Amino acid sequence: MNVKVLLAGAIHEAAAGIEALAGAELPAVMLEVPPQKEFGDFATNIAMQLARPARQNPRALADAIAGRLNARAALDKHEPAALPWLKEAKVAGPGFINFYLKPDWLYALLADIAAAGEAWGRSDSGRGEKVQVEFVSANPTGPLHVGHGRGAAVGSALANLMRVAGYDVSTEFYINDAGNQIDCLAASVDARYRELLGQQVEFPEDGYRGRDIIDTARRIADQAGARYLLMDPAERLAVFKELAREEKLALLREDLEAFGVTFDVWFSERTLHAAGAIGDTCRQLKESGHMYEQDGALWLKSTAYGDDKDRVVIRDNGVPTYLAADIAYHRDKFARGFDRVINIWGADHHGYISRVKAAVAALGYDPEHLEVLILQMVNLFQHGELVKMSKRTGQGVTLAELIEEVGRDAARFFFIMRSTDSQLDFDLDLAKSRTNENPVFYIQYAHARIASIFRQAEEAGLTVPAPGEAPIEALTEEAEADLIKKLGEYPDEVAAAARERAPHHIARYAHEVAALFHSFYNQCRVIGAPPDVQAARLTLAAAVRDTLRSALAILGVAAPDKM
RNA sequence: GCGCCUGUAGCUCAGGGGAUAGAGCAACGGACUUCUAAUCCGUUGGUCGCACGUUCGAAUCGUGCCAGGCGCGCCA
């Protein structure tokens, strides 16, 4: 049974029975956990919402609705209309109806949670919607930096979250392995290679000057010596392009895996060019009147769908722009049958949204089905000062360096814990600290404490009751009730966070669960309590452990048994 | 100039039409012969950037202004 659903239904029936509302359309019943405990277990604002259509003041309306519900609560529990779990409905404030439930509902709730185990929180709220989440998609021209780190952490957490909430999620990395940047990579490696072999070279103006390029060139030189100097320069560049692409891609994959991030699909931009998808897409859009030629170039008429200006897709030199490939890519995404496509981009790309949405609309797809989640910028702070450059490389701090510095769990948690709309001030000292000020360790510590309880229970030969067999009525402390209530919110929390594409809610939620657990732990002994209380608390502890594991798994943060 | 994001406690941020605006850190005072003190309990701390409007009700919605970040290529 789900008390919340039953209660919402009963409220709806009660409101529908009010004379002044006869025939009126009732809004969906909003049930929330009130901000303060004195306001009961749940509250609804329905009377305030109905005040206008009913032409009555909200408190009078609330009294009428609460009266009907209290009458049903007073019925013998065998009556069909009885609400046996309801203790009282009270009107408060400007017209809220607060519901106070009998303790039984918490016991039933804990039994549900215990029975679900680590599956607690799963729901079908996403209804199996086929969703693609594309993120990171960094150019394979160098190492990932901290900005990519936020994308990687948030993207993977969002995918995990949506899976738990019942979406059918596929994650994807778009490899920008065509066009200028990759040519530039090849030219940079080429220059470094020739340098290493003693040639006087002019380094390409827009070349990549990172150390990693020299490393790549050195590996080639170590392996092949001067052999490539004999080759035709264009041919050599082509070979270096392949070598560098493979190496950079492997490094990206390695960095991401070390960060707990994997992708279902690695999609190469090149394949779009090779398979003629770009040409096909342009032809299609020209025929449908969404593209036109002017000044020797081919343009997308994106202004027809709200963009500021039309955009070039094929330059006057015949080379497609990045947008051309992106249009073909999005056509491919939707052709693969995704109901919804989510792109996670850095704030520096937000200006690109309107043209891609326009392209999606021009292709005949609903632009609403393309969601672009913008991540604001990341600033690193150390000793209270902004860290601009990496000391080691003189460039932006790489993700690998960050992981080495603060650890994978702290890095992931810190990236995820803020709203994507907010800039992220990443405090390196805080992330590194192994003290109570660090929220990651605080949560992990709660999990480790529970694991420790179970270790000791086992040593003491205590049997942990099977779900459904624990005497959970033995739980009478307020700290226990608070914990059960909080655990009970988890499925809604997951569903809402997924719907809002807001994984930071899960970070916050996990922290709240940990806080209530630590409080409980300091107040209530588990091992050594009277047998039925001990058994019931073991059941509760297991429920907390499983919920924390689930939440941490969404975040991609480890749930250690020992710390 | 235009567009997007942000402005809430000393600091970092939640909350995004409803009740007395929350959390962590910092500051201050307490709790370890007991399952990990990486913990807990308590206290202090707010003109929700400013103004006007919409509403029974605004931190939340609208408009204007101020401040910060990011964009505004036949770059990606």
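Because the structure is a prediction, the values reported are computed rather than measured.
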Distance between C1' atoms of B:U8 and B:C13 (Å, rounded)
9 Å
Looking at B:A14, B:C40, B:C35, which one has an atom nearest to any side-chain atom of A:S419?
B:A14
Looking at B:A19, B:U34, B:G18, which one has an atom nearest to any side-chain atom of A:F39?
B:A19
Can we call the ring centroids of A:Y100 and A:F42 under 6.0 Å apart?
no
What are the residues of residues 506-514 of chain A, sorted by number, that bring a heavy atom to within less than 4.0 Å of RNA chain B?
A:R508, A:H511
Integer-rounded Å distance: B:C40 C1' and A:F520 CZ:
14 Å
Check every strand shown and say whether A:F381 touches a base, only sugar-phosphate, or nothing at a heavy-atom separation below 4.0 Å.
nothing
Charged N to carboxylate O under 4.0 angstrom, A:E134 versus A:K333?
yes
Nucleotide B:U12, atom C1' - distance to CG of A:L380 in whole Å
15 Å
Can you run down the side-chain hydrogen bond (donor to acceptor under 3.5 Å, both in side chains) pairs that involve residues 452-463 of chain A, sequence neighbours left out, and say none if there aren't any?
none
Under 4.0 angstrom between A:R59 side-chain N/O and B:C56 OP1 or OP2:
no
For A:D177, all residues meeting side-chain hydrogen bond (donor to acceptor under 3.5 Å, both in side chains), sequence neighbours excluded:
A:R245, A:S268
Have a look at A:N98 and say if it touches a base, only the backbone sugar-phosphate, or nothing, with a 4.0 Å heavy-atom cut-off.
base
Regarding A:A43, tell me which of base, sugar-phosphate or nothing describes its non-hydrogen contacts under 4.0 Å with the strands shown.
base
Whether A:H148 and A:H145 hold their rings parallel, tilted or perpendicular, with breakpoints at 30° and 60°
tilted
Mind checking A:A448 for me? I need base, sugar-phosphate or nothing, with any heavy atom below 4.0 Å counting as a touch.
base
Pick the P atom in B:G7 and in B:G17, then give their distance to the nearest Å.
14 Å
For A:D429 and B:A26, what is the distance between atoms CG and P respectively, to the nearest whole Å?
13 Å
With salt bridge (Lys or Arg N to Asp or Glu O under 4.0 Å) as the rule and sequence neighbours excluded, what pairs involving residues 309-330 of chain A come up?
A:D307-A:R311
Atom CZ of A:R418 and atom P of B:G16: how far apart are they, to the nearest Å?
16 Å
Phosphate oxygens OP1/OP2 of B:A38: is one of them under 4.0 Å from a side-chain N or O of A:H518?
no
Looking at residues at least two apart in the chain, or sitting in another chain, which of them share a side-chain hydrogen bond (donor to acceptor under 3.5 Å, both in side chains) with A:N176?
A:Y322
Residue pairs passing the side-chain hydrogen bond (donor to acceptor under 3.5 Å, both in side chains) test where at least one lies in residues 514-526 of chain A, sequence neighbours excluded:
A:R449-A:H518
Would you mind reading off the distance between A:L61 atom CG and B:G57 atom P, rounded to a whole angstrom?
18 Å
Per-nucleotide protein contact string for nucleotides 69-76 of chain B, where B marks a base within reach and S marks sugar-phosphate only (heavy atoms under 4.0 Å, - for neither)
BBS-SBSB
Pairwise 5' ranking along RNA chain B for A:E32 and A:I453, keeping only the more 5' one:
A:E32
Whether A:K248 and A:D212 form a salt bridge (side-chain N of Lys/Arg under 4.0 Å from carboxylate O of Asp/Glu) is what I want to check.
yes
Separation between the P atoms of B:A67 and B:A23, rounded to whole Å
34 Å
Restricting to pairs with a member in residues 407-421 of chain A, which pass salt bridge (Lys or Arg N to Asp or Glu O under 4.0 Å), not counting sequence neighbours?
none
Quick note, salt bridge (Lys or Arg N to Asp or Glu O under 4.0 Å) partners involving residues 136-155 of chain A, not counting sequence neighbours, are none
Solution key, residues 29-40 of chain A side-chain donor-acceptor pairs under 3.5 Å, sequence neighbours excluded:
from, atom 1, to, atom 2, distance (Å)
A:K37, NZ, A:E478, OE2, 2.6
A:K37, NZ, A:D482, OD1, 3.4
A:K37, NZ, A:D482, OD2, 2.9

When all nucleic acid strands are considered with a 4.0 Å heavy-atom cut-off, which category describes A:S452: base, sugar-phosphate, or nothing?
base
So A:C524, base contact, sugar-phosphate only, or nothing? Heavy-atom distance under 4.0 Å.
base
Separation of B:A14 C1' from A:E493 CD (nearest whole Å)
12 Å
Decide, applying a 5.5 Å centre-distance limit and a 30° plane-angle limit (both strict), whether A:F96 stacks on B:A19.
yes
What's the gap between B:U47 and B:U54 when it is taken at their P atoms, as a whole Å value?
27 Å
As a test of reading the structure: which of B:U34, B:C41, B:A38 is closest to the side chain of A:S519, going by heavy atoms?
B:C41
Look at all strands and tell whether A:Q36 reaches a base, only sugar-phosphate, or nothing, counting heavy atoms closer than 4.0 Å.
base
Can you tell me which stems involve RNA chain B, if a stem is defined as three or more consecutive Watson-Crick or G-U wobble pairs, both distances under 3.5 Å?
B:1-7 with B:66-72, B:10-13 with B:22-25, B:27-31 with B:39-43, B:49-53 with B:61-65
Mind checking the C1' distance from B:U60 to B:G16? Whole angstroms is fine.
5 Å
Determine the Euclidean distance between corresponding C1' atoms of B:U6 and B:U12; express it in Å to zero decimal places.
14 Å
Expressed as a whole number of Å, how far does the P atom of B:G46 sit from that of B:C50?
15 Å
B:C52 to B:G57 separation - P atoms, rounded to the nearest Å
16 Å
List for me each residue that meets side-chain hydrogen bond (donor to acceptor under 3.5 Å, both in side chains) alongside A:R270, sequence neighbours excluded, and say none if there are none.
A:E242
Rounded to whole Å, the CZ-C1' distance (A:F414 to B:A23) equals 14 Å
Rounded to whole Å, please give me the gap between CD in A:Q534 and P in B:C35.
14 Å
Nearest atoms (heavy-atom pairs only) where A:V91 meets A:A66:
CG2-CB, 4.0 Å
By the 4.0 Å heavy-atom rule, please label A:D425 as base, sugar-phosphate, or nothing.
sugar-phosphate
